[in-house]
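Since this is a predicted model, take the numbers as computed values, not measurements. Chain A is the first sequence line, chain B the second, and so forth, proteins listed ahead of strands; every chain is numbered from 1.
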Protein chains: 2
Amino acid sequence: MEQQIPDRIRIKDIAIMAGVSVGTVDRVLHNRPGVSLASAEKVRKILKEMNYQPNMYASALASNKKYHFVCLLPKHNEGEYWSDVEAGALQCMNEMHDFHITLSMVYYDQYDIDSFVKSIKLVMDKEPDGVILSPVEEDNTKKLTDMLQEKEIPYVFIDSNIDNLEPIAFFGQNSSRSGALAAKMLLMIEPGIKEVVIFRQIYIGRIGTNQQNNRELGFEEYMRKNHPDCELSTIDLAMNNKEHDMEVMRKYFERHESVTIGLTFNSKAYLISEYLQELGKSNFRLIGYDLLEQNVEFLKNGNNIQFLIAQQPHQQGYRAVTSLCDHLIFHKEVEQINYMPIDLLCAENIDYYTSLNK
Amino acid sequence: MEQQIPDRIRIKDIAIMAGVSVGTVDRVLHNRPGVSLASAEKVRKILKEMNYQPNMYASALASNKKYHFVCLLPKHNEGEYWSDVEAGALQCMNEMHDFHITLSMVYYDQYDIDSFVKSIKLVMDKEPDGVILSPVEEDNTKKLTDMLQEKEIPYVFIDSNIDNLEPIAFFGQNSSRSGALAAKMLLMIEPGIKEVVIFRQIYIGRIGTNQQNNRELGFEEYMRKNHPDCELSTIDLAMNNKEHDMEVMRKYFERHESVTIGLTFNSKAYLISEYLQELGKSNFRLIGYDLLEQNVEFLKNGNNIQFLIAQQPHQQGYRAVTSLCDHLIFHKEVEQINYMPIDLLCAENIDYYTSLNK
DNA sequence: CGTATATTTGTGCTCGTACACACTAAAGGG
DNA sequence: CCCTTTAGTGTGTACGAGCACAAATATACG
């Protein structure tokens with residue numbers, strides 16, 4: 001009925017047991033040269049036997065090593081998706097401050113390839129000990145990661161992963177699976193659905209992550225398997241040009257009067273809801289992504305948005321910093337592929353979600 | 001585009017600025033006597049101005065204080081709900097080990113009032129510095145909390161809260177709200193539903209938490225408001241007496257042939273699914289609670305269970321320990337009421353949930 | 001065999017905080 | 001006026017680990 005853990009073994013204890021001094025144990029622990037093979041093996045054996053775990057607080061205190069991390073994210077405004085990621089990373093940095101960690105942000109323009117390429121230099125100039133980034137497509141991302149790899153600087157991917165590159169960790173959602181969940185909820189809302197529309201955000205010259213695409217692919221696959229009779233139509237929107245978008249919407253609904261349910265695989269559900277309101281379609285139902293303040297508001301008020309699928313961006317940022325610390329400071333194994341939960345929010349459970357994830 | 005935090009101010013720095021020695025600053029920080037009013041105020045002023053934050057690692061290192069926590073939970077088997085809570089608490093203890101924290105478990109029999117009363121002495125005998133418990137009904141819980149309060153031992157409630165008592169923190173779900181979510185999902189599965197059945201777990205002489213009841217109440221209220229025409233029937237099951245339960249089920253379905261959807265507000269959905277299978281009702285649909293291994297298995301395989309509502313028990317245990325540490329060691333404000341997220345799981349998103357919450 | 005040079009091992013100070021103890025200065029008592 | 005008391009203040013050591021440097025031992029070479 002009880003569980004206790006004995007007082008921890010110190011370097012000193014190991015030294016005594018091995019019949020050497022703390023200095024020698026220290027050298028073994030840090031793989032520093034200047035230890036005879038005999039001593040080294042004796043110490044290593046006892047370390048293993050005793051399952052020595054360093055007191056990382058004492059270690060951080062004694063160590064003068066400073067670690068500087070750089071976090072490279074798309075430029076964003078307050079309240080947008082990326083600001084949650086950033087907040088998570090900053091919070092973790094603050095909590096880890098006594099381990100001599102600092103973190104600086106670098107931003108690139110998601111819609112401008114040059115901007116990312118330029119930011120590579122900005123990142124390298126800071127001589128980081130670790131980098132967190134939201135990757136763009138493979139070729140340009142590789143330009144950065146190759147430089148990092150050469151200098152043996154570990155890096156972490158956030159949001160989307162690239163198979164051929166080797167981050168120490170990736171945090172993000174399994175997009176195609178979350179698309180499947182969207183499909184499942186769609187079929188719950190309207191089991192016999194005949195036609196559904198996907199509101200796409202289209203960028204010109206975008207160096208986009210392919211989250212949106214993968215979600216859509218996962219959605220399509222699920223629909224093909226479970227409800228192949230449903231017709232899938234799409235609307236391509238700019239999302240930053242209201243006149244253009246409204247025109248496109250109007251045209252679409254002229255020919256598709258009967259469509260009353262739609263999805264959007266980006267985070268702009270609130271915007272589409274605004275469009276829909278303006279078109280007098282307040283009964284149109286939407287499934288969207290990400291808990292932007294505006295999305296949440298529309299979800300709560302029952303304005304079109306039925307469900308939002310979320311992926312704990314704050315946690316992603318937080319854990320990205322954590323994994324760099326684990327890797328560099330605590331020398332712990334770091335799990336490489338970390339899929340975040342696919343959270344399903346509606347008006348009934350949204351209130352208790354946000355409180356814990358900020 | 002950059003954010004840095006300056007090196008932290010130390011006690012030494014404060015001492016110099018205040019024109020006193022570190023000893024004096026130390027006395028002020030710990031509210032120890034032996035400081036003149038003038039010095040005390042000078043130091044306090046500078047502490048505030050400089051927003052001094054102690055290096056808690058150095059502090060833990062220097063301090064010889066040991067903290068022993070006791071966690072009082074219902075007796076349980078591996079894989080049941082409470083084992084997740086326990087695992088979370090133990091994990092946190094391990095991570096906090098260098099702060100000289102130990103944790104011991106005490107269990108009581110959920111179905112035996114005496115057992116809880118007896119466990120009170122077991123808890124007190126350990127002379128804990130903090131206690132985590134899953135409360136029973138008010139009167140008996142108060143017997144313990146009064147003793148704790150008298151010795152000024154802080155305590156944390158897990159799972160359910162009791163309004164008149166004063167834990168430093170509570171972690172649990174808003175049960176009635178989660179009942180509302182269950183109702184919402186029910187109405188999605190079958191919008192025009194005419195009758196639904198609630199599978200109740202009935203204890204004889206139980207000193208139960210009232211989670212199950214509150215969920216049911218929340219469910220009923222939501223139904224009354226949004227779909228008053230639906231008839232709500234109930235089946236009272238023992239859940240530990242198959243013959244009896246099967247008999248009750250058979251009788252029920254003789255008179256309610258057409259009911260094809262049900263809910264259970266306890267964690268035994270898998271058991272009901274087993275019963276249903278045996279009755280040849282594989283198309284019956286269920287909404288249940290808590291991610292027991294068996295529940296998850298049935299959810300994945302599509303055996304009756306459509307949705308499971310979860311509440312991050314592991315997190316509850318983890319954060320309960322955290323809040324005791326924050327309160328006792330780090331002297332941080334602790335949020336008193338902490339509602340956990342109401343997580344909604346189905347076959348499509350269950351895989352990515354568990355990985356992060358264990 | 002003695003000296004120079006590696007190689008290996010041990011010592012001592014440091015990090016920021018806690019706390020016991022030593023010290024100072026002022027007040028009170030004889 | 002000296003001695004004790006007490007309030008207020010300062011100092012030194014400890015915590016566990018890291019790391020520079022000193023010390024001791026082993027090896028090489030004339």
Side-chain angles (χ1 to χ4, degrees), chain A residues 5-44 46-47 50-67 96-101 328-331, chain B residues 5-44 46-47 50-67 96-101 328-331:
Chain A
I5 289 195
D7 277 325
R8 200 172 268 188
I9 289 123
R10 302 157 299 171
I11 285 189
K12 212 189 195 173
D13 303 316
I14 300 286
I16 293 168
M17 292 187 228
V20 296
S21 74
V22 291
T24 301
V25 178
D26 181 70
R27 277 179 281 265
V28 171
L29 280 170
H30 296 85
N31 295 314
R32 271 194 284 265
V35 186
S36 70
L37 221 97
S39 306
E41 291 200 340
K42 202 161 42 179
V43 170
R44 251 188 280 273
I46 294 181
L47 282 171
M50 294 286 102
N51 183 32
Y52 170 75
Q53 298 294 117
N55 182 326
M56 56 179 169
Y57 305 126
S59 167
L61 190 62
S63 166
N64 288 312
K65 275 203 200 103
K66 313 250 183 253
Y67 297 91
M96 296 269 165
H97 183 259
D98 289 322
F99 292 103
H100 312 115
I101 288 162
L328 287 168
I329 306 178
F330 308 129
H331 307 289
Chain B
I5 288 198
D7 276 327
R8 201 173 265 189
I9 289 122
R10 302 158 298 170
I11 287 189
K12 212 189 197 173
D13 303 316
I14 300 287
I16 293 168
M17 292 187 228
V20 297
S21 75
V22 291
T24 301
V25 177
D26 181 70
R27 277 180 279 266
V28 172
L29 279 170
H30 296 85
N31 294 314
R32 270 195 285 266
V35 186
S36 70
L37 221 96
S39 305
E41 292 200 338
K42 202 161 43 180
V43 170
R44 251 188 280 274
I46 294 180
L47 282 172
M50 295 285 101
N51 184 31
Y52 169 76
Q53 298 293 119
N55 182 326
M56 56 180 170
Y57 306 126
S59 168
L61 190 62
S63 166
N64 289 310
K65 276 205 199 100
K66 313 250 182 254
Y67 298 89
M96 296 269 164
H97 183 259
D98 289 322
F99 291 104
H100 312 115
I101 288 163
L328 287 167
I329 306 177
F330 308 130
H331 306 289

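What separates CG of A/Asn55 from P of C/dG16 is a distance of 16 Å, to the nearest Å. Between the OH atom of A/Tyr57 and the C1' atom of C/dA18 there is a distance of 18 Å, rounded to whole Å. Straight-line distance from the CE atom of A/Met56 to the C1' atom of C/dG16: 17 Å, rounded to whole Å. Atoms CG (A/Leu29) and C1' (D/dG18) sit 11 Å apart, rounded to a whole Å. Between the CZ atom of A/Phe99 and the P atom of C/dG16 there is a distance of 14 Å, rounded to whole Å. Between A/Asp26 atom CG and C/dT9 atom C1' there is a gap of 12 Å when expressed in whole angstrom units. Whole-Å rounding puts the A/Arg8 CZ to D/dA17 C1' distance at 13 Å. In this structure, NZ of A/Lys12 is placed 13 Å from C1' of C/dT11, rounded to the nearest angstrom.
Closest to the A/Ala62 side chain, of the nucleotides C/dT9, D/dG18, C/dC19, is D/dG18. When distances run from any side-chain atom of B/Arg27 to the nucleotides C/dT17, D/dG10, C/dT9, the shortest one goes to D/dG10. Picking from D/dT9, C/dT8, C/dT17 the nucleotide with the shortest atom distance to the side chain of A/Ser36 gives C/dT8. Taking the side chain of B/Ser63 as heavy atoms from C-beta on, and the options C/dA18, C/dG16, C/dG10, the nearest nucleotide is C/dA18. Between C/dG16, D/dG18, C/dT9, one nucleotide has an atom nearer to the side chain of A/Val35 than all others, and that is C/dT9. Nearest to the side-chain atoms of B/Ser21 among the listed nucleotides D/dG18, C/dG10, D/dT11 stands D/dT11.
Nucleotides of DNA chain C nearest to B/Pro54 and A/Ser39 differ in position, and the one nearer the 5' end is that of A/Ser39. For B/Gly23 and B/Ala58, each mapped to the nucleotide of DNA chain D holding its nearest heavy atom, the one lying further toward the 5' end belongs to B/Gly23. Nearer the 5' end of DNA chain D, as judged by each residue's closest nucleotide, is the contact made by B/Pro33, out of A/Ala60 and B/Pro33.
At C/dT17, one or more side-chain N or O atoms of B/Tyr52 fall inside 4.0 Å of OP1 or OP2 (strictly under the cut-off). Neither OP1 nor OP2 of C/dT17 sits under 4.0 Å from any side-chain N or O of B/Arg10. Within the 4.0 Å cut-off from OP1 or OP2 of C/dA18, at least one side-chain nitrogen or oxygen of B/Ser59 is found.
Put simply, the side chain of B/Met56 does not reach to within 4.5 Å of the side chain of B/Ile329, judged on heavy atoms. With a 4.5 Å cut-off on side-chain heavy atoms, A/Ile11 and A/Tyr52 count as touching.
Of the inter-residue distances, the one linking A/Lys42 atom NZ with A/Met17 atom CE reads 13.5 Å to the nearest 0.5 angstrom. Taken to the nearest 0.5 Å, the CG atom of B/Leu47 stands 10.0 Å off from the CD1 atom of B/Ile9.
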Quiz item: Should A/Val20 and A/Val35 be marked as a side chain to side chain contact (heavy atoms under 4.5 Å, CB included) after you check the CA-CA gap, both sets of side-chain angles, and the distance that decides it?
Solution: CA-CA 11 Å; A/Val20 296; A/Val35 186; over 6 Å; no
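Here A/Val22 lies in heavy-atom contact (under 4.0 Å) with a base.
Relative orientation of the A/Phe99 and A/Tyr57 rings is tilted, given thresholds of 30° and 60° on the angle between their planes.
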